[in-house]
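Here the structure is laid out as structure tokens; the discussion comes afterwards.
Note that the numbering runs from 1 along the sequence shown for the chain. One-based numbering, in listed order, for ligands and for the atoms of each.
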Amino acid sequence: MGVIEKIKAIEEEMARTQKNKATEHHLGLLKGKLARYRQQLLEEAANSNGSGGPGTGFEVAKSGDARVCLIGYPSVGKSSLLGQITETKSEIAHYSFTTLTSVPGVLKYQGAEIQIVDLPGIIYGASQGKGRGRQVVATARTADLILMVLDATKGAHQRESLEKELEAVGIRLNKERPNIYFKKKETGGIKVNFLSPPKANLTEEAIKLLLKDYRIHNAEVLVRDDKCTIDDFIDILNDKHCNYIKCLYAYNKIDSVSLEEVDRLARQPNTVVISCEQKLGLDDLVDEIWYQLNVSRVYTKKRGSKPDFSDPLVVRNDSTIQDLCHSIHRDFKDKFKYALVWGSSAKHSPQKCGLTHKIHDEDVLTLFTK
Ligand SMILES: Nc1nc2c(ncn2[C@@H]2O[C@H](COP(=O)(O)OP(=O)(O)OP(=O)(O)O)[C@@H](O)[C@H]2O)c(=O)[nH]1
């Protein structure tokens, strides 16, 4: 039996199995197997150059300060959106499947450059190993933020099925990595500990059953969060293939639905409502993209001259001067002597700071080297 058939058989068995306390462990085992086979399928795809290596006209080099991937069904308006918020104008035809290769555009936000990649609108079937869907997934994994573009005139199924597809290939949206410590050992058997008694279905028995199925006989497990589920533990077992990515939902074409519907959609979490045609909500969307990326701009200034506000360095929020040095060059921190810092992170202006100083958005720094 091939992997695809095995996946199908497990999915069928899961659909047949009633969900209740008695079947919980059995379902957990099936889910664990399913995750393993899906991983195998994606690995096979990657090895056969299905992940979008050179020559497929798909993979895009990561450039700019952050990457946002657009995902959505054909004709929801991804190309129109890209045309509105980035500097790359992609051709829009009034029929489906115009986006056959990904078109990277650059969104300039107060000097920072955010790469926006439009993925082909064909993600469906990716988890079953079908065609281009796999390549879409491989690129989606590299995103700092996924922007799911949805058609406000269509029902909830479009969002649900995209989420299901992403879920099936190990992309977890708006979720933190489960707080479980797991380490394989050479000897000593299986040791399972809980910081506090489990409140969900992840019990010691469930963990031991899964580990046995994964042929892991020596390991240490510490569940730090009492709300962790069997699914969370399966994710930890398949950690290399799980990506935890933020997702922003953009409902387009709000010009074509009632105000009540716009209001209902806009109240959902992590959601922005827009109309590319009427140019509604686009500024809010760009602000929200920036906010969700969770990055800060830092301006550098040479001694005696004004800072260059047109060309910021972009670092994750909560970064230190050491992180900033690392983003300039791998070895830069070895040359670093001290920095003068202006801005909200400085106690007085300028403050003389070392490598451990935490920088804030829009700080200005002069770096002194040895
Ligand atoms: N009413 C309305 N129509 C829109 C809006 N934005 C885009 N459209 C229309 O939706 C259709 C599809 O737009 P595209 O931008 O090509 O959509 P896409 O998601 O890139 O489609 P594919 O290239 O097939 O993946 C076009 O006919 C657009 O004119 C909008 O805000 N309101």
Ligand 1 atoms in contact with [X] (distance to a heavy atom under 4.0 Å):
{"X": "Asp255", "value": "1 (N), 2 (C), 30 (C), 31 (O), 32 (N)"}
{"X": "Ser79", "value": "15 (O), 18 (P), 20 (O), 23 (O)"}
{"X": "Ser256", "value": "1 (N)"}
{"X": "Lys78", "value": "15 (O), 17 (O), 18 (P), 19 (O), 20 (O), 25 (O)"}

Nearest heavy-atom contact between Lys31 and Ile234 is CB-CD1, 3.5 Å
Identify the heavy atoms of Asp323 and Asp318 that sit nearest to each other, and give their distance. OD2-O, 4.5 Å
Who gets closest to atom 15 (O) of ligand 1 by heavy atom: Ala152, Ser80, Gly281? Ser80
Can you tell which of Gln84, Lys253, Gln278 gets a heavy atom nearest to atom 9 (C) of ligand 1? Lys253
Can you tell me which residue among Lys175, Arg224, Arg177 is in a salt bridge (charged side-chain N to carboxylate O under 4.0 Å, His left out) with Asp232? Lys175
For ligand 1, the portion of Val149 having any non-hydrogen atom under 4.0 Å away: neither
In residues 302-309, what donor-acceptor pairs under 3.5 Å come from side-chain atoms, sequence neighbours left out?
| unit_1 | atom_1 | unit_2 | atom_2 | d |
| --- | --- | --- | --- | --- |
| Ser305 | OG | Lys302 | O | 3.2 |
| Asp308 | OD1 | Ser310 | N | 3.0 |
| Asp308 | OD1 | Ser310 | OG | 2.7 |

So is [X] polar-close to ligand 1, meaning N/O to N/O under 3.5 Å?
{"X": "Ile274", "result": "no"}
{"X": "Pro74", "result": "no"}
{"X": "Ser75", "result": "yes"}

Quickly, which of Val192, Ile207, Val221 forms a side-chain contact (heavy atoms from CB on, under 4.5 Å) with Leu202? Name it, please. Ile207
Face-on cation placement of Arg36 at Tyr214 ring, 6.0 Å and 45° thresholds: yes
Side chain to side chain donor-acceptor pair (under 3.5 Å) pairs, two or more places apart, involving residues 186-195: none
